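One structure is given here, and the rest of the page talks about it.
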Amino acid sequence: MRNDPVPGLLARATKVLEAEFGRLPAFDAAPESAASTEEMARVLEATAHRLGDNYPNFHPLYAGQMLKPPHPVARAAYALAMTLNPNNHARDGGRASSEMEIEAVGEIARMFGWTETFLGHLTSSGTLANLEALWVAGQMAAGRRIVGSAQAHYTHQRISSVLKLDYTAVAADSRGRMSVKALETELRKGDVGTVVVTLGTTAIGAVDPLDLILDLRKRYGFRVHVDAAYGGYFRLISEDLDEPARRAYAAISEADSIVVDPHKHGLQPYGCGCVLFRDPAVGRFYKHDSPYTYFTSKQLHLGEISLECSRAGASAVALWATQQLLPLVPGGTFACGLARGRAAALELDRRLREDKNHRFVPLAAGPPELDIVVWRLNADTPERASELAQEVFVACAAEDLHLALVQLPESWFRTSAGTDGDASGHVTCLRSVLMKPEHEDWLDRIWVTLTAACAHVKEG
Ligand SMILES: *Cc1c(COP(=O)(O)O)cnc(C)c1O
């Protein structure tokens, strides 16, 4: 929160917006909506006190879940849009902001290699975006199953049940990637309509082998939905990733639909997901008439290609402004920010592996694919390792370092197969999502705090 530039930015832009509507006669707010500045200030101060009871998501020492503060320009643009509070359902509710949404979504599609023909829009979340993609998938392949990996986001199963589609989870390998072999076993049964391919799993940032799955599509014929809610933006630095992930990202334009969350890695306030379809003809599934809206323009109203009705125009405005400042191009400032978080993750993983005291057990299969690090604590049994993870988690938090916990298959941490423990057992691990560029500069501090917490736990 140091040197927050938003108030100054906002004051300047607000003057410009006021001038845009300057021809309107001045009016006084109704007594019901007016309140004294003093009263509002008091309420806001009480609000700030309440908000103090939160994890410091904006700070580099918050290195737990997928939380990244919105860019100052996104916050300012969102607040500016609040003057009008546009609704991107129809152009009546948000004329300018609908145009901005179309442009911003076009930039995201371009990042995935889609330029001319595609259909897409923003949604209130990745879950809603995935719901729309599976809703279309279900209509394209009625009565056929949806298949995802055991590491796919938990909402796919739930979305499928809402849509009354059968969902099957297939095994993930020890890298957290969908097992192509397990997938093919399902495909041979002949009733798979859609495969959900995750580029960047939520737990560990694993990248499913999209290229290999597309090879199977040639043989078995199915729809491919790419859930890149978390990992989509890594397309911009995919040349720097390890070979399997690079090949998966290179194939992304072959997908039938793609979901990405600007409110995760895209520096946006919450309420900003995005769904894209390669074939714009799927717009026919959304076709409906509305007795209330769609009158002011013959141009497409976004509500005509979206399952949701009202949607925050401010989300589109904030996204548009952010992409003006930080274009979605390889080598740009935004891409460099992603690379810095990833560098922090690789460095943390390296230190865990090289720890002289052997306190940590990293993933046996190798370093992280994106910017999420997971590790088990070294202990005689998985139960003791799980307890230790909890204790270190608490000890770190006491020193303002916030990590996360995750349950993962115990076998992922074993270098030699067939040793102790059964293959299906799980262990609680520490997890750190290093998604802020600042994490790179703070890695020493994170490491010192983590190792001190381990020493503290051991003595306690
Ligand atoms: C976060 C996430 C989702 C869900 O997105 P929300 O915006 O939280 O609804 C879906 N899939 C993946 C891979 C995710 O990481």
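Only a predicted model underlies this, so the values are computations on that prediction, with no experimental measurement involved. Whatever order the structure lists ligands and atoms in, that order sets their numbers, starting from 1.
Looking only at atom types and distance, the side chain of S411 has no donor-acceptor partner in the side chain of R414 under 3.5 Å away.
Short contacts between ligand 1 and H263, defined as distances under 4.0 Å to a heavy atom of the residue, involve ligand atoms 7 (O). The distance from ligand 1 to the heavy atoms of S125 drops below 4.0 Å at these ligand atoms: 7 (O), 9 (O). When each atom of ligand 1 is checked for a heavy atom of T202 under 4.0 Å away, the hits are 12 (C), 13 (C), 14 (C), 15 (O). Residue-ligand proximity, G126 to ligand 1, at heavy-atom distances under 4.0 Å covers atoms 5 (O), 6 (P), 7 (O), 9 (O). Less than 4.0 angstrom separates some heavy atom of N130 from each of these atoms of ligand 1: 10 (C), 11 (N).
For a threshold of 3.5 Å applied to N or O pairs, the pair formed by K264 and ligand 1 contains at least one separation below that value. Ligand 1 has no N or O atom lying under 3.5 Å from any N or O atom of H153, backbone or side chain. In terms of polar-atom proximity, defined here as any N/O pair under 3.5 Å, D227 does make such a contact with ligand 1. Residue A229 has no nitrogen or oxygen atom sitting less than 3.5 Å from a nitrogen or oxygen atom of ligand 1, judged on distance alone. On a distance-only criterion, T198 and ligand 1 share no N/O pair closer than 3.5 Å.
For atom 5 (O) of ligand 1, the closest heavy atom belonging to the protein is D261 OD2, 3.2 Å. Looking only at heavy atoms of the protein, atom 9 (O) of ligand 1 is closest to T127 OG1, 2.5 Å.
Using a 4.0 Å cut-off between charged side-chain N and carboxylate O, D240 and R342 make no salt bridge. A salt bridge does not link R219 with D215: every distance from a Lys NZ or Arg NE/NH1/NH2 to an Asp or Glu carboxylate oxygen is 4.0 Å or more. The existence of a salt bridge linking R278 and D256 is confirmed by a sub-4.0 Å separation between a basic side-chain nitrogen and an acidic carboxylate oxygen.
Not a single heavy atom of H156 sits under 4.0 Å from any atom of ligand 1.
L199 pairs with exactly one of V259, V260, V207 by the side chain to side chain contact (heavy atoms under 4.5 Å, CB included) rule, that one being V207.
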Using residues 323-337 as the side-chain source, report each donor-acceptor pair under 3.5 Å to any protein atom, sequence neighbours left out, with the distance given to one decimal.
residue, atom, partner, partner atom, Å
Q323, NE2, A104, O, 3.2

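Between H153 and Y230, the ring center distance fails the sub-6.0 Å criterion. A ring-centre distance under 6.0 Å is not found for Y62 and W442.
Although no hydrogens or angles enter the test, the distance criterion places a donor-acceptor pair under 3.5 Å between the side chain of N87 and the main chain of R311.
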